[in-house]
S.K.: 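One structure, as structure tokens, below. Some questions next.
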Amino acid sequence: MKKSHVFEWNTKDFQKELLKWYDKYRRELPWRAPKGRKAHPYHVWLSEIMLQQTTVPAVKSYFEKFTELYPDIHHLAQAPEEDILKHWAGLGYYARARNLHKCAKIISEVYGGNFPKTEIDLKKLPGIGDYTASAIIAIAFNKEAVVVDGNVERIIARLARIREPLPKSKAIIKTIAASIYEDIGKKASDLPQSLMDLGSMVCTPKSPKCNICPISYFCEAKNHKDQEKYPVKAIKEAKPTRIGDVYWIETTKGEILIEKRSTNRMLGGMMALPGTDWDKNNAESMGSSDISLFKPDKKPSLIGEVRHSFTHFHLILNVHKARVPIKNLILKENQRLICIKDIDELGFPSLYKKVVKLAISAEDKDE
DNA sequence: AAAACGTGGCA
DNA sequence: TTGCCAAGTTT
């Protein structure tokens, strides 16, 4: 393998600077063991799953809620999936929560509650990929692993001034990462965490604070004063906008029609309000509720729209309200009625929380 | 291998 | 307001 220019400096010096900085400035995080203490594998795993593609502030309250509700992997394994999804609501990427539960069951029932101690075996578990497997090995077991997350990619892209855009540059970045992690030994747990803290506090995506960076000496981008240019990323497609309908169907007894989404759809397994299939490309298809089937006592009224952005499209949902005599309702298997007062405890994903908010404010207005 | 998969914060 | 971004995995 051809050596990159970043190999030319001494890896030991680089690691030493990073670890010295970490010793002084490391963050206290709910899932992180205090200095000198061992991390709890369950906490490491849970936090790593939660942190995928999101931020520390977004995760904190969820982590605390989960560790309180489910103090160990067996509690989590035994909980109904429905409860786990309810408590995950709002964190997004809901397949993560379903995989979290599947994984907990395997660890609890097959491994007797102990996480496997190799990357190979960890990667076989649902929801654990390259990054998470290496993070658990390093952080929970203090064993050597090349841990590469978005922070490490950004830091290396700047250190080595990688011109190749992500994600194509992942392979070369991984190679450089391997040299950074080389022979880390007893500090196997600290090094990846130092890089993540550095990425969070110093080598930030925007306006990196190179003046206080412990490894700026090694950084090519800093030396060229073009650190803001890295990491170079592939140009993204513009997001299309989809339009759909959602229904706030109230019975004459003041209950609301809700449903559970099937797991092969967006927001899979989550509670929802009935509507058209906005998550399908084909916007023509009628979804869970053809409103006319319910014979509302008067024409449904359009009360407004809700806008929401997903990773690959924008959504505008027209929100309709209808009052339906209870005898006209034929509930599907995944549907039920719920009192308005209980609707906040349901665990709607954010999209439907917005719809509920709009519907309730319209409620207050006209009735 | 490229696309799918959520959300909230910030410039 | 719009677009970008954050501790990736799965298919």
Side-chain angles (χ1 to χ4, degrees), chain A residues 27 29-32 39 43-63 85 88-100 102-103 122-136 138-140 145 147-155 166-168 170-171 174 177 191-201 203-208 228 231 233-242 261 263-270 272 278-281 306-316 347-354:
Chain A
R27 290 175 292 178
L29 298 169
W31 46 86
R32 182 176 279 180
H43 291 174
V44 174
W45 164 72
L46 178 61
S47 65
E48 290 301 344
I49 302 296
M50 286 184 165
L51 284 160
Q52 286 168 12
Q53 294 293 280
T54 186
T55 59
V56 165
V59 164
K60 272 185 175 162
S61 66
Y62 285 89
F63 179 82
L85 288 174
W88 193 277
L91 237 198
Y93 284 153
Y94 297 101
R96 286 185 301 164
R98 303 198 306 271
N99 284 333
L100 183 85
K102 283 184 203 158
C103 184
L122 282 167
K123 274 188 65 174
K124 291 175 186 160
L125 296 164
I128 299 184
D130 280 326
Y131 162 73
T132 306
S134 63
I136 292 171
I139 299 172
V147 185
V148 182
D149 71 336
N151 290 297
V152 178
E153 283 177 354
R154 182 172 62 255
I155 292 167
L166 282 165
K168 273 193 177 175
K170 277 175 185 284
K174 179 91 178 187
L191 194 67
Q193 299 190 80
S194 74
L195 288 163
M196 291 177 205
D197 281 12
L198 190 80
S200 158
M201 300 188 283
C203 197
T204 45
K206 280 163 288 184
S207 314
E228 300 263 12
K233 296 194 172 181
I235 297 164
K236 293 179 184 116
E237 293 289 321
K239 287 182 192 178
T241 298
R242 294 186 192 168
R261 294 176 66 79
T263 51
N264 58 1
R265 317 242 332 239
M266 281 195 75
L267 310 178
M270 303 303 289
W278 50 263
D279 60 331
K280 301 265 174 63
N281 256 318
V306 157
R307 287 164 181 269
H308 195 75
S309 290
F310 294 104
T311 306
H312 56 294
F313 64 94
H314 300 290
L315 178 63
I316 300 175
F348 275 134
S350 299
L351 168 65
Y352 292 107
K353 282 182 189 154
K354 291 182 186 174

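Every heavy atom of this structure was used, including side-chain atoms; hydrogens, water molecules and symmetry mates were not. Not measured: the values here are computed from a predicted model. Convention: sequence-line order gives letters A, B, ...; per-chain numbering from 1.
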S.K.: Does a donor on one side chain and an acceptor on the other come within less than 3.5 Å for A:Gln52 and A:Arg96?
M.R.: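 Note: A:Gln52 and A:Arg96 side chains miss the donor-acceptor criterion.
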S.K.: Atom CZ of A:Arg307 to atom C1' of C:dT2: distance rounded to whole Å?
M.R.: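 It is 11 Å, rounded to the nearest whole Å.
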S.K.: Looking at C:dA6, I'd like to know if its phosphate oxygens (OP1 or OP2) sit under 4.0 Å from a side-chain N or O belonging to A:Lys233.
M.R.: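 So the side chain of A:Lys233 is within the cut-off, an N or O lying under 4.0 Å from OP1 or OP2 of C:dA6.
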S.K.: Grab the CH2-P distance between A:Trp278 and B:dA4 for me, whole Å please.
M.R.: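 Nearest whole value for this atom pair: 14 Å.
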S.K.: Whole angstrom is fine here: how far is it from CD1 in A:Ile235 over to C1' in C:dC4?
M.R.: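 Computing the A:Ile235:CD1 to C:dC4:C1' distance gives 14 Å.
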S.K.: Between C:dT11 and B:dG6, how far apart are the P atoms? Round to whole Å, please.
M.R.: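 Their P atoms lie roughly 13 Å apart.
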S.K.: CD of A:Glu237 versus C1' of B:dA3: gap in Å, rounded?
M.R.: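 Checked: the CD to C1' distance equals 11 Å.
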S.K.: Using whole Å, report how far OH of A:Tyr131 lies from C1' of C:dA6.
M.R.: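 The answer, rounded to whole Å, is 12 Å.
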S.K.: Would you say A:Lys168 has more than 12 foreign heavy atoms packed within less than 6.0 Å of its NZ?
M.R.: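 No, NZ of A:Lys168 has 12 or fewer neighbouring heavy atoms, counting only those of other groups under 6.0 Å.
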S.K.: When you compare the side chain of A:Tyr131 with that of A:Glu48, does any pair of heavy atoms fall below 4.5 Å?
M.R.: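 Of all side-chain heavy-atom pairs linking A:Tyr131 with A:Glu48, at least one is under 4.5 Å.
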S.K.: What about A:His312 and A:Phe310, are their ring centers closer than 6.0 Å?
M.R.: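 Ring-ring flag for A:His312/A:Phe310: false, centres at least 6.0 Å apart.
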S.K.: For A:Ile128 and A:Leu29, take the nucleotide of DNA chain C holding the closest heavy atom to each; which residue's nucleotide lies nearer the 5' end?
M.R.: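 Between the two, 5'-proximity favours A:Leu29.
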S.K.: Is a donor from one side chain sitting under 3.5 angstrom from an acceptor on the other, for A:Arg98 and A:Thr263?
M.R.: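 Result is no, nothing qualifies.
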S.K.: Would you say that A:Leu267 contacts A:Tyr352 through its side chain, given a criterion of any heavy-atom pair below 4.5 Å between the two side chains?
M.R.: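 Yes, at least one pair of side-chain atoms sits under 4.5 Å.
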S.K.: So what does A:Pro57 hit on the nucleic acid, given a heavy-atom distance under 4.0 Å: a base, only sugar-phosphate, or nothing?
M.R.: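 The answer is nothing, as A:Pro57 stays clear of every strand by at least 4.0 Å.
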S.K.: Let me know the distance between NZ of A:Lys168 and P of B:dA1, rounded to the nearest Å.
M.R.: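 From A:Lys168 NZ to B:dA1 P: 11 Å.
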S.K.: Side chains of A:Arg307 and A:His314: does their closest heavy-atom pair fall under 4.5 Å?
M.R.: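 With C-beta onward as the side chain, the pair stays apart.
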S.K.: Just to be sure I understand the rule, does A:Val152 reach a base, reach only the sugar-phosphate, or reach nothing, if contact means heavy atoms closer than 4.0 Å?
M.R.: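 Since no nucleic acid heavy atom lies under 4.0 Å of A:Val152, the category is nothing.
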S.K.: Would you indicate what A:Trp88 reaches in the nucleic acid, counting non-hydrogen atoms under 4.0 angstrom: base, sugar-phosphate, or nothing?
M.R.: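 It contacts nothing in the nucleic acid.
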S.K.: Rounded to whole Å, please give me the gap between CG in A:Leu122 and P in C:dG8.
M.R.: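 Atom-to-atom, A:Leu122 to C:dG8, this comes out as 17 Å.
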S.K.: Measure from CD1 on A:Ile49 to P on C:dG8 and round the result to the nearest Å.
M.R.: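 Value for this atom pair: 11 Å.
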S.K.: For every nucleotide of nucleotides 5-11 of chain B, 5' to 3': is a protein heavy atom under 4.0 Å from its base (B), only from its sugar-phosphate (S), or from neither (-)?
M.R.: BBBS---
